[in-house]
Amino acid sequence: MAETQRHEMTTKRVIYQIPGMEAVTVRRDVKYRATDAGSLTLDVYYPPDTKGDARTPAVIFVVGYSDLGAQRIMGCRFKEMEGFISWAQLTAASGMVAITYSTGADPAEDARALLRYVRQNAAALGIDETRIGIWACSGHVPNALAVLMDEESKDLKCAALCYGLTLDLDGFTGVADAAATLRFVTPAAGKSVDDLPKDVPLFIMRSGRDEFPHLNETMDRFLARAVGANLPVTFVNQPGAPHAFDLLDDSETSRETIRRILGFLRFHLG
């Protein structure tokens with residue numbers, strides 16, 4: 001069977017760069033879970049000046065889609081997309097370890113298995129298991145929210161959620177409708193903002209000109225509930241930004257938003 005040509009979006013890199021991005025060290029294809037279809041792997045990006053015995057805070061880039069579909073449609077796995085690679089490089093160059101990973105047929109269980117593996121092997125990976133945050137965007141966000149709600153994940157320190165679908169609230173079905181079309185997982189379906197931990201800071205970025213149907217409507221409902229519940233929310237609304245602003249909107253406003261996301265992660269991960 002001929003290889004699927006890579007979709008143009010898989011070649012897009014983050015529009016913000018900082019010194020040291022190309023100097024980060026990458027440990028590739030560490031096996032974290034065995035499945036019937038083969039082993040799933042993670043890539044670990046280390047800051048350029050990491051010492052051999054260092055235990056560094058980490059950011060996990062949560063995936064909400066199966067790579068089985070991604071490879072068929074986009075031509076590669078998510079951790080091989082330049083957007084994920086450049087975000088990981090940017091995070092590592094900012095002083096934190098970045099972790100990207102492959103998924104199989106069950107991205108929800110894969111995310112849980114990944115977190116367990118990282119905690120259990122933190123010393124060997126050079127990670128401080130007491131200082132872990134997560135990052136997710138777009139259709140990956142529903143899985144990230146489920147990770148935050150999971151009892152095993154109560155010690156996560158923060159989450160950055162960008163231009164993402166969230167939860168179906170008040171009888172709205174925008175997330176479920178999008179998931180049925182785009183095939184991302186929604187393991188938090190039926191849950192509410194009240195199921196989120198009360199003390200995990202959230203950074204939520206809204207693209208004001210997001211073209212995906214109902215995405216901002218789901219986010220607006222989520223934000224109203226989160227503020228009503230007095231959750232620790234940092235919210236940035238970028239009025240002129242499109243979906244995937246970090247890859248497509250080459251503007252100083254977008255670069256400042258990315259700087260703020262990195263600053264949020266650095267602050268809460270210490």
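These numbers were taken from a predicted model, which means no experiment stands behind them.
Classification of the Phe84-Trp135 ring pair by plane angle, with boundaries at 30° and 60°, yields perpendicular. Tyr65 and His140 have perpendicular rings, their planes meeting at more than 60° on a 0 to 90° scale where under 30° would count as parallel.
Rounded to the nearest 0.5 angstrom, Arg221 CZ and Thr166 OG1 are separated by 10.0 Å. From Leu114, atom CG reaches atom OG of Ser102 across 9.0 Å, with rounding to the nearest 0.5 Å. Note that OG1 of Thr130 is 6.5 Å distant from NZ of Lys157, once rounded to the nearest 0.5 Å. Rounded to the nearest 0.5 Å, atoms CG (Asp155) and CZ (Arg131) are 13.0 Å apart. Expressed to the nearest 0.5 Å, how far CZ of Phe184 lies from CG of Asn143 amounts to 10.5 Å. Here the CG atom belonging to Leu182 is positioned 8.0 Å from the CG atom belonging to Leu165, to the nearest 0.5 angstrom.
Checked against the 6.0 Å centroid criterion, the rings of His214 and Phe172 qualify as a close aromatic pair.
The pair Asp220-Arg206 meets the salt-bridge criterion, since a charged nitrogen lies less than 4.0 angstrom from a carboxylate oxygen. Ion pairing of Glu82 with Arg13 is present here, as a side-chain N (NZ or NE/NH1/NH2) and a carboxylate O approach within less than 4.0 Å. Under the 4.0 Å criterion applied to side-chain N and carboxylate O atoms, Glu152 and Arg116 are assigned as salt-bridge partners.
Remark: Glu252 CD is packed, more than 12 non-hydrogen atoms of other residues, nucleotides or ligands lying under 6.0 Å away. Other residues, nucleotides and ligands contribute over 12 non-hydrogen atoms within 6.0 Å of the CG atom of Asp49. Within a 6.0 Å sphere centred on CZ of Arg209, heavy atoms belonging to other residues, nucleotides or ligands number 12 at most.
Under the 3.5 Å distance criterion, the side-chain polar atoms of Asp195 are left unmatched by any main-chain donor or acceptor of Met149. Checked by atom type and distance alone, the side chain of Ser86 pairs as donor or acceptor with a backbone atom of Val14 at under 3.5 Å. Judged purely by atom type and a 3.5 angstrom limit, Asp210 has no side-chain atom pairing as donor or acceptor with the backbone of Leu215. In this structure, Asp128 contributes its side chain and Pro57 its backbone to no donor-acceptor pair below 3.5 Å. For the pair Arg55 (side chain) and Ile127 (backbone), a donor-acceptor distance under 3.5 Å is present. A side-chain donor-acceptor contact under 3.5 Å links Thr35 to the backbone of Gly38.
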Practice prompt. Starting from the C-alpha separation in whole Å, work towards a yes-or-no answer on side chain to side chain contact (heavy atoms under 4.5 Å, CB included) for Ser153 and Leu115.
Written response: CA-CA 8 Å; Ser153 304; Leu115 265 169; 3.6 Å; yes
Practice prompt. Could you please spell out the steps behind the side chain to side chain contact (heavy atoms under 4.5 Å, CB included) verdict for Val26 and Gln89?
Written response: CA-CA 9 Å; Val26 188; Gln89 291 172 328; 5.9 Å; no
Discussion item. Would Tyr163 and Asp246 count as a side chain to side chain donor-acceptor pair (under 3.5 Å) here? Give the steps.
Written reply: CA-CA 10 Å; Tyr163 51 88; Asp246 49 334; 2.7 Å; yes
Item to complete: Could you check Phe264 against Cys158 for side chain to side chain contact (heavy atoms under 4.5 Å, CB included), going step by step and ending with a plain yes or no?
Response: CA-CA 9 Å; Phe264 169 89; Cys158 60; 3.8 Å; yes
Discussion item. Using side chain to side chain contact (heavy atoms under 4.5 Å, CB included), reason through Lys12 and Leu248 one step at a time and then give a plain yes or no.
Written reply: CA-CA 8 Å; Lys12 301 290 186 183; Leu248 301 177; 4.3 Å; yes
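Linking ILVMFWY residues whenever their side-chain heavy atoms come closer than 4.5 Å, directly or via other members, leaves Tyr45 and Val30 in distinct clusters. Val227 is not connected to Val200 by any chain of hydrophobic side-chain contacts under 4.5 Å among Ile, Leu, Val, Met, Phe, Trp and Tyr, and they are in different clusters.
Between Thr10 and Phe78, every side-chain heavy-atom pair lies at or beyond the 4.5 Å cut-off. A heavy-atom distance below 4.5 Å is found between the side chains of Val118 and Ile99. Residues Pro142 and Val175 are in side-chain contact: their nearest non-hydrogen atoms beyond the backbone lie under 4.5 Å apart. For the pair Lys79 and Thr41, the minimum side-chain heavy-atom distance is below 4.5 Å. Side-chain contact between Thr25 and Val44 is absent, with no heavy-atom pair separated by less than 4.5 Å. Ile204 has its side chain within reach of Leu223: a pair of non-hydrogen atoms, C-beta onward, lies under 4.5 Å apart. Taking 4.5 Å as the limit, some side-chain heavy atom of Ile258 sits within range of a side-chain heavy atom of Trp87. Using a 4.5 Å heavy-atom threshold, the side chains of Tyr117 and Arg33 count as separate.
Closest heavy-atom contact between Leu262 and Met96: O-CE, 4.2 Å. Minimum heavy-atom separation, Val59 to Ile134: CG1-C, 4.3 Å.
Under 3.5 Å, the side chains of Ser254 and Gln238 contain a donor-acceptor pair of N or O atoms. Donor-acceptor pairing under 3.5 Å is lacking for the side chains of Gln17 and Arg255.
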